[in-house]
Amino acid sequence: MKYEFSEEDLKEIDAIKAKYPEVMPATLPVLWLAQNKFGHVNPEVQRLVASTLGLPEAHVHGVVTFYTQYYEEEKGTYVLDVCTCLTCQLCGGYEMLEYFEEKLGIKQGETTPDGRFTLKEVECLGACGYAPMMQVSNETYVNNLTKEKVDKLLDDLRQDKKPEHEKVGMPQRKNI
Amino acid sequence: MPEIFIDGQRYEFEGEHRVLQFIQDLGKEVPFFCYHPAMSAPANCRQCFVKAGQYVKDRETGEYELDEEGNRTIRWFPKLQTSCNLQMVDGMVIHTQETDEQVARAQKDTLEFLLINHPLDCPICDQAGECPLQIQTYKYGPEGSRFEVKKVHRPKRVRLGPRVILDAERCINCTRCVRFTDEISKSHQLTIVQRGDNNFPITAPGREFDDPYSLNTVDICPVGALTAADFRFKARVWEMNQTPSIDMTNGKGTNIDLWTRDNIVLRITPRYNKEVNDHWMPDEARTAYTLFNENRISRPLQKLDGEQVLSSWNNAYATLMEQLEEVKPAEVLLVGSPHASVEENYALAKFANLNGYRKPVFLRNEEKGKADGFLLTDDLAPNTNGCILLGFDELTPAEFSAEAEKAGLIILVHDDFISREVLTAGQLDGKYTVIFASNHTKTTKAADLVIPVTTAAEHAASYVNVEGRIQRTFRAKETKYNKRRLDMEMSEGRLDRYGTNFDNWVNEDNKIDCLPLWTFISNLTGYMGTEITLEDGRLIMSEIASTIDAFNGVSYAKMDENSGIQLDTEKVSKKVES
Ligand code: SF4
Ligand code: FES
Ligand code: FES
């Protein structure tokens, strides 16, 4: 497959570039644009981004590998990022990850043969208060994971029903 | 004048300075890894911590505020500072690890962190012995590690490019290699990938680290993470001798060090000279180490019945004398060489003069388009300007070819004219051809008499670079005729000092049976009865300096003191574009 930006994309990229005094900071948003378009930023897409922005390929590659949110290869339709960083780890993050592995029959980092799910182990997503937690395809968080919640999530996603944003209240002081 | 107080000592300074460099320039030390004087200072290794503050002055009176004991009060910056990127300001107070417990402790703890995932494989690591991480851990580091869990593993033996190999586990992510490709060679080929304890430098996927200056990253890597593909595991640093020299593969005159063990040159590294090459050298100049070891001519060769055979020195002198007598002086064509030193060319000129031969001529050896605006020039020879300053006539290949046809006896030095297609072997048929050379080439194969001469690794001699800077080499390798232990100018390593000729790591064959060109000429004139004395490079240079204007005031002592001398550029050809 040949990866190319359309006229429209290029216009959008110019608009992104115009926001910054230099080109380098445009790397992140343009990578997003590319990932939204192609579904991933594999080495070929990285090269496309580099040549479009006139930046070194090595630099773009470094940025891509720094963030787990950029996909370095083609992923499943849904990417399940399960947090196993300290707080989630202590609250059962590994059990959740292992439950996913068992249910999907794949290991973390792998994609199901039908191309529907990719399972990933990620570092802290900044939602330690709702540990153990996960994120679906760089979008919605699913908090306070339990096996039941995982079962439901997978069933829903099989029918392309994406999880809703879940409001988790925090205990507040009453007597002020 | 602005002042700064370092460990209780007052120093004055002018202009902009960073604390770390200033401390180093004073000859003192603060440990560091990521800082490099030629590149930006991102302050990411955190090893160069110092405590910094400012004496408090009363704004109105301008007097220093004193504490109860009468000492000036210091307002410390809230945290320890990285000295590499700390700009000096008037009245700054710095405490280093020498006087401050907290600083010493911080440096020790930083080292403990740096070593957490480090494999500690110094016994098999090429960098051991010249490794800042090893040295600084020894001096400032912790006794042991408190880290008891499994180390993080990273890729090993990664071929970054044709010449550089990465061991990511040893890397401390100082980013020197990345900054080198960004700021110095500008190939932008490297980046740091991944994050946290997984990160390491690499190229973009599917790309090679084939930067023509890639091996400089091996030199500046403060650990053993980057190694040179063709030097890995060849020698321990402490077994080798390090001898200053000059690059022979380009007219730039890059300053280098030759690293030898048992008279084999094992590697070449750049030597700092801010006038010529700063800290750097091109990769291709490093591969030249093989020229000193391989394919060498040892003992004179003589053509008998169309076949070259080993001869003796006596035979060589006698034969050359006979042959010279057979031709008229006007038929002798002496060809000097930009590949030979000033001293060698001078010896040739003196010999010509003495016998009434025509002054030597010479040809440039250039490759158009080679120049890269950095350390490579079009000139492939180290001493083109030396020949010009000695007043040699420069010939074009066509002119030379015509002259060669007319000559009865030709004396060449080094130049491989046949491979360069300046001459054909056929053109040399029927005339007696003598060549002074160090390596076998197509041209030496065609010659009637081959006199093996020393290379830049075996003699001390001078070369004038494209900018007209005269610089010299030192003897790094012994020949059959000199002894390291008796030669006060040769460096001596442990193996030389404690070994004997009967040790199994000493190989006599590594010493080449060759002479400096000037020694051969001296001996020859002795036999011819017109004795001239050309003893060694140093004396020849003082003779040159007193007889040839362009070299006025040049001496080895002066060259050594100033890392070379810039000659009067008026007299130097500007034809060679750098
Ligand atoms: S490979 Fe060496 S120079 Fe490069 S970042 Fe690692 S330690 Fe620094
Ligand atoms: S540790 Fe999982 S969100 Fe912070
Ligand atoms: S040398 Fe200052 S932080 Fe590395």
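Every heavy atom of this structure was used, including side-chain atoms; hydrogens, water molecules and symmetry mates were not.
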When heavy-atom pairs shorter than 4.5 Å are enumerated against chain B, which of A:Gly62, A:Ala50, A:Ala58 gives the highest number? A:Ala58
Mind ranking B:Val178, B:Thr191, B:Ile202 by heavy-atom pairs under 4.5 Å with chain A and telling me who comes out on top? B:Thr191
Exactly one candidate in B:His188, B:Arg207, B:Lys186 meets side chain to side chain contact (heavy atoms under 4.5 Å, CB included) with A:Pro56; the answer is B:His188
Output the distance between atom CG (B:Asn199) and atom CZ (A:Phe66), rounded to the nearest 0.5 Å. 8.5 Å
Which portion of A:Gln46 sits near chain B, non-hydrogen atoms under 4.5 angstrom: side chain
Do other residues, nucleotides or ligands put more than 12 heavy atoms under 6.0 Å from A:Lys147 NZ? no
I'd like to know whether CD of B:Gln87 has more than 12 heavy-atom contacts from other residues, nucleotides or ligands below 6.0 angstrom. yes
Structural part of B:Gln189 lying under 4.5 Å from a heavy atom of chain A: backbone
Would one find more than 12 heavy atoms of other residues, nucleotides or ligands at under 6.0 Å from atom CZ of B:Phe113? no
In short, A:His61 meets B:Thr203 closest at the heavy-atom pair CD2-O, 3.8 Å
Between A:Thr65 (side chain) and B:Val193 (backbone), is there a donor-acceptor pair under 3.5 Å? no
Taking atom NZ as the centre, does A:Lys103 end up with more than 12 heavy-atom neighbours from other residues, nucleotides or ligands that are less than 6.0 angstrom away? yes
Any side-chain heavy atom of B:Arg195 within less than 4.5 Å of one from A:Thr68? yes
